[in-house]
Student: 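This structure is in structure tokens; I'll ask about it shortly.
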There are 2 protein chains.
Amino acid sequence: MAKKGQYTYEYPHPAVTADCVVFGYDGKELKVLLIKRGAEKEASTTAYVGEWALPGGFLDVERDKTVTHTAARELKEETGLKLGVKDFKEVATFSDIKRDPRERVITIAHYALVKLSDVQADTDADKAEWFSMKDVPSLAFDHDKILRVACSRLRQDIHFEPVGFDLMPEIFTLPQLQNLYESILEVKFDRRNFANKMKHFGMLVEVEDDTPRHGTRTPIKYRFDKENYERLKAKGFQLEF
Amino acid sequence: MAKKGQYTYEYPHPAVTADCVVFGYDGKELKVLLIKRGAEKEASTTAYVGEWALPGGFLDVERDKTVTHTAARELKEETGLKLGVKDFKEVATFSDIKRDPRERVITIAHYALVKLSDVQADTDADKAEWFSMKDVPSLAFDHDKILRVACSRLRQDIHFEPVGFDLMPEIFTLPQLQNLYESILEVKFDRRNFANKMKHFGMLVEVEDDTPRHGTRTPIKYRFDKENYERLKAKGFQLEF
DNA sequence: TAAACTTCGCGTTAATTTTACACAAAATTA
DNA sequence: TAATTTTGTGTAAAATTAACGCGAAGTTTA
């Protein structure tokens, strides 16, 4: 651990953090990963102890290649969830002068999309918890605001990128996919038009899978055709919803 | 001036800057405002002396309310151009560990759109210069990259916001507006379809203006109907191009 | 001064995309 | 076995987008 008062500068410098909004989808609703702020670390200076917050932490000036590396590293440390730098998207910077009561801290918010079914086991249940977007508690710092902005960013991105496929499990059904889109965009689509449009893009591949499903009629299973998507993207095509 | 080594922290802090990509349009081509890096200020530590760069500078930890305030303040100081915080849009954070040779500096890039005809007189010609996007020189630091990213961001934004009207003079013609869209998007539109679409939005108002124009036939003059645009936006409408 | 040329505005038609909507099959429940 | 829920499929109307012809206004050229 570094000694106190070791680092001096000619001009004041702010502290810089990266925060993570990790979205997951369980087939029913959109969820977000939060941590409970503990007093373990720097007890005396830690703020908002016991409150829920977004995972995140300070830029390691000497080691973190970019602030996105900070995001990935802190997410791993705080929740156990290991994501690659490429899995993150930058949302925005939050730099209000009083956003942290201790000192001037600016944060670069990121978001990531994960297949909840794949990672739920990885997340350290002692520290982190998945909350449905519908009942997110009030958060520490300005994290409420960050979450709102991240959501609206996700809503924008979904129009141009197949974000659904990052959130869905490998094998999924059209009704599930539609439900996800409806959850994120908070609208309802016509089932038939949704299916037509999705199939029309040519990114869905039918899969043999006889796992019985809960519902009534058994829907067809699909997987995302990543190669074809990459080909289409290279050609310059537009998703749109 | 502050004494050296006055500000001390328990952990290393990066320096934080805000950089500005200011776009202007002169009726012909898209331009960007650059400054020539001088050795005036902190001579010994200044890097890239004599090279062209984006306007920008260090966050004033004690005074700047947000990094966007930094952007506005520095733009004014370095180019004479006075813009409001609302005129800026955040683009992205650039935080590569070696992007500044002197110390770790992360920068939050912003862009702004201005009516070149209105502000050309305000820009301090000694320090700043407007460059056509077609012949931008190679820039200091990673500013080439920042400019590229800002451009692609502008190209995205133009699909959903009437950015044209921030760049055009108060009174303009449809061919001018079309030229701007074509410059930014690097495509060609059909003159008649472009006009139909634009008029269909209901944001254009015909204006009486008999200033003779250079070309052949004198095109109709318009102005942007801001009130109507706000009304439409409130109702939730989409631009799209 | 007339002819040729360029730029501009208007409107029409064809192609494409989006929207609205009805019915039958599969599985569960009563 | 009948009723109920969920899913899959197709088609016609409506709206939007794309393609395009023409004549008018002004400039340049012969």
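The sequence lines fix the lettering, A, B, ..., with proteins before strands; numbering per chain opens at 1. Keep in mind the model is a prediction, meaning the values are calculated, not measured.
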Student: Could you tell me if the side chain of A:Lys145 sits less than 4.5 Å from the side chain of A:Phe94, heavy atoms only?
Tutor: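 Counting from C-beta outward, A:Phe94 and A:Lys145 do come under 4.5 Å.
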
Student: Take atom CG of B:Leu177 and atom P of C:dC8, then tell me their distance rounded to the nearest Å.
Tutor: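 Going from CG in B:Leu177 over to P in C:dC8 covers 13 Å.
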
Student: Between A:Val32 and A:Met133, is any pair of side-chain heavy atoms under 4.5 Å apart?
Tutor: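 A:Val32 vs A:Met133: side chains touch.
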
Student: Between B:Phe201 and B:Leu239, is any pair of side-chain heavy atoms under 4.5 Å apart?
Tutor: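 Result yes, sub-4.5 Å side-chain heavy-atom pair found.
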
Student: Figure out the NZ/P separation between B:Lys188 and C:dT7, and round it to whole Å.
Tutor: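 The answer, rounded to whole Å, is 11 Å.
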
Student: When the distance from CZ of B:Arg191 to P of D:dA24 is rounded to whole Å, what number comes out?
Tutor: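 One finds 15 Å between P of D:dA24 and CZ of B:Arg191, rounded.
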
Student: Take the protein atom CD of A:Gln178 and the nucleotide atom P of D:dT7, then report the distance between them rounded to whole Å.
Tutor: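 These atoms are roughly 9 Å apart.
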
Student: Which nucleotide in the set D:dA25, C:dA27, D:dT7 lies at the smallest distance from any side-chain heavy atom of B:Arg217?
Tutor: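 For the B:Arg217 side chain, the nearest candidate turns out to be D:dA25.
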
Student: Roughly, in whole Å, what's the span from CE in A:Met198 to C1' in D:dG8?
Tutor: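 Rounded to whole Å, this separation is 17 Å.
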
Student: C:dC8 P sits how many Å from B:Gln176 CD, rounded?
Tutor: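 The answer, rounded to whole Å, is 10 Å.
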
Student: Taking only N and O in the side chain of B:Thr218, is any of them less than 4.0 Å away from OP1 or OP2 of D:dA25?
Tutor: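 Indeed not, no polar side-chain atom of B:Thr218 lies that close.
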
Student: Strictly below 4.0 Å, N to O, side chains only: are A:Asp124 and A:Lys127 in salt-bridge contact?
Tutor: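 Salt bridge flag = yes for A:Lys127 with A:Asp124.
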
Student: Round to a whole Å and report the spacing from CG of B:Leu174 to P of C:dG9.
Tutor: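 In whole Å, C:dG9 P and B:Leu174 CG are 6 Å from each other.
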
Student: Could you check whether A:Asp122 pairs with A:Lys82 (Lys NZ or Arg NE/NH1/NH2 to Asp/Glu carboxylate O, under 4.0 Å)?
Tutor: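 Between A:Lys82 and A:Asp122 there is no salt bridge, as every charged N stays at least 4.0 Å from the carboxylate O atoms.
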
Student: Measure from CD on B:Glu182 to C1' on C:dT7 and round the result to the nearest Å.
Tutor: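 It is 14 Å, rounded to the nearest whole Å.
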
Student: Going through the distances and angles, do B:Asp142 and B:Asp96 end up as a side-chain contact (heavy atoms from CB on, under 4.5 Å)?
Tutor: CA-CA 9 Å; B:Asp142 54 355; B:Asp96 278 9; 5.5 Å; no

Student: Do A:Lys226 and A:Phe165 form a cation-pi contact, if we require the NZ or CZ to be under 6.0 Å from the six-membered ring centre and within 45 degrees of the ring's axis?
Tutor: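 The answer is no, since A:Lys226 fails at least one limit relative to A:Phe165.
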
Student: Got a list of protein N/O to nucleotides 16-20 of chain D N/O distances below 3.5 Å?
Tutor:
from, atom 1, to, atom 2, distance (Å)
D:dA19, N7, B:Asn193, OD1, 3.4
D:dA19, N7, B:Asn193, ND2, 3.0
D:dA19, N6, B:Asn193, OD1, 3.2
D:dC20, N4, B:Asp190, OD1, 3.4
D:dC20, N4, B:Arg192, NE, 3.4

Student: Does C:dA30 have a Watson-Crick or wobble mate here (both distances under 3.5 Å), and if so which one?
Tutor: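 Answer to the pairing question: D:dT1, which forms a Watson-Crick or G-U pair with C:dA30.
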
